[in-house]
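Keep in mind that the numbers below use all heavy atoms, side chains included, and drop hydrogens, waters and symmetry copies. Just so we're clear, the structure is a prediction, and the values are computed from it rather than from any experiment.
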Amino acid sequence: MDFMSDNLSDGRSLRTFNVIDDYNREGLGIEVDLSLPSLRVIRTLEQMIEWRGQPAAIRCDNGPEYISGELINWAEKRRITLLYIQPGKPTQNAYIERFNRTARHEWLDLHLFDSVEQAQQLATEWLWLYNNERPHTAIGGVPPKQLLQAV
């Protein structure tokens with residue numbers, strides 16, 4: 001999981017919270033808002049767990065949302081290991097960094113967002129295409145959902 005930043009057309013800062021599955025590169029979700037504090041991160045992760053099941057571990061950086069007491073306590077209660085990368089070493093979380101680059105190139109940089117709702121809608125549409133139609137060379141030239149169906 002990782003965060004990205006952008007701006008709305010009126011100049012306000014926009015944040016995205018991106019989560020992928022390292023195994024098949026499936027984008028599990030993109031949450032968009034002006035602010036995404038740790039309790040919002042937890043709520044989003046709970047929704048993903050309800051939909052996909054609980055992971056054994058989650059890889060993340062050392063950002064304030066990830067080292068907060070709320071997230072650490074939540075992970076401990078759920079018996080999920082938080083795997084923190086070393087500060088300044090984004091290559092230790094290379095799959096999400098690659099996902100972020102693709103999201104920036106294919107979604108964020110192509111739009112001027114007038115509202116959070118518009119950005120979230122376009123994120124949802126792009127994520128569906130990313131998972132269902134866009135071929136991924138790292139997984140044999142198929143979309144992540146096609147790889148899941150083959151397993």
Asker: Rounded to the nearest 0.5 Å, how far does CG of N93 lie from CD of Q86?
Answerer: 12.5 Å

Asker: Check the pair V116 / L34 against side chain to side chain contact (heavy atoms under 4.5 Å, CB included), numbers first and verdict last.
Answerer: CA-CA 7 Å; V116 170; L34 301 176; 3.7 Å; yes

Asker: Distance-only, no hydrogens or angles: does the D61 side chain make a donor-acceptor pair with backbone N or O of I85 under 3.5 Å?
Answerer: no

Asker: Which heavy atom of Q120 sits nearest to which heavy atom of I30, and what is that distance?
Answerer: NE2-O, 2.9 Å

Asker: Checking D114 now: which residues fulfil salt bridge (Lys or Arg N to Asp or Glu O under 4.0 Å) with it, not counting sequence neighbours?
Answerer: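 Partners of D114 under the salt bridge (Lys or Arg N to Asp or Glu O under 4.0 Å) test: none.
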
Asker: Return the minimal non-hydrogen interatomic distance between M48 and G29, and the atom names on each side.
Answerer: CE-CA, 3.6 Å

Asker: CG/L28 to CD/Q47 distance, rounded to the nearest 0.5 angstrom?
Answerer: 12.5 Å

Asker: Checking the side chain of S9 only, and the main-chain atoms of F113 only, is there a donor and an acceptor separated by less than 3.5 Å?
Answerer: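 Yes, because the side chain of S9 sits within donor-acceptor range (under 3.5 Å) of the backbone of F113.
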
Asker: When you check the side-chain N and O atoms of E125 and Q121, is any donor under 3.5 Å from an acceptor?
Answerer: yes

Asker: Quick one: ring-ring contact (aromatic ring centres under 6.0 Å, His included) partners of F17, sequence neighbours excluded?
Answerer: F3

Asker: Check A123 against V32 and note the closest heavy-atom contact, atom names and distance.
Answerer: CB-CG2, 4.0 Å

Asker: For Y95, does the six-membered ring have the charged nitrogen or CZ of R25 within the cation-pi criterion, i.e. under 6.0 angstrom from the centroid and within 45° of the normal?
Answerer: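 Ring-cation test returns yes.
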
Asker: Do N100 and D2 have side-chain atoms, one donor and one acceptor, less than 3.5 Å apart?
Answerer: yes

Asker: Give me the one residue out of L129, L127, T16, T102 that meets side chain to side chain contact (heavy atoms under 4.5 Å, CB included) with W107.
Answerer: T16

Asker: CD1 of I67: more than 12 outside heavy atoms within 6.0 angstrom?
Answerer: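 Check passes, neighbour count above 12.
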
Asker: Can you name the salt bridge (Lys or Arg N to Asp or Glu O under 4.0 Å) partners of D6, sequence neighbours left out?
Answerer: R104

Asker: Heavy atoms only: give me the nearest S13-N7 pair and the separation to one decimal.
Answerer: CA-OD1, 3.5 Å

Asker: If the condition is side-chain hydrogen bond (donor to acceptor under 3.5 Å, both in side chains), which residues does E50 pass it with, not counting sequence neighbours?
Answerer: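 Partners of E50 by the side-chain hydrogen bond (donor to acceptor under 3.5 Å, both in side chains) criterion come out as none, since no residue qualifies.
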
Asker: Please tabulate, for side-chain N and O atoms in residues 39-46, each donor-acceptor pair with protein atoms closer than 3.5 Å (sequence neighbours left out).
Answerer:
from	atom 1	to	atom 2	distance (Å)
R40	NE	E31	OE2	3.2
R40	NH1	D33	OD2	2.5
R40	NH2	E31	OE2	2.7
R40	NH2	D33	OD2	3.3
T44	OG1	R40	O	2.9
E46	OE1	R78	NH2	2.7
E46	OE2	W74	NE1	2.4
E46	OE2	R78	NE	3.1

Asker: At their closest point, which heavy atom of H105 faces which heavy atom of L110, and how far apart are they?
Answerer: O-CG, 3.8 Å

Asker: Looking at every heavy atom in both R15 and S5, which two are closest together, and how far apart are they?
Answerer: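 That would be NE-OG, 4.2 Å.
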
Asker: Could you grab the distance from atom CG of N131 to atom CD1 of I20, nearest 0.5 Å is fine?
Answerer: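 That separation rounds to 10.0 Å.
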
Asker: E106: which residues meet the salt bridge (Lys or Arg N to Asp or Glu O under 4.0 Å) condition with it, sequence neighbours left out?
Answerer: R134

Asker: Can you spot which of T81, I96, D22 makes a side chain to side chain contact (heavy atoms under 4.5 Å, CB included) with R59?
Answerer: D22

Asker: Can the ring centres of F99 and W126 be said to be less than 6.0 Å apart?
Answerer: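 For F99 and W126, the ring centres are under 6.0 Å apart.
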
Asker: Is a side-chain donor or acceptor of Q54 paired with a backbone partner of I49 at a separation under 3.5 angstrom?
Answerer: no

Asker: Calculate, to the nearest 0.5 Å, the distance between atoms CG and CD1 belonging to L82 and I72 respectively.
Answerer: 7.0 Å

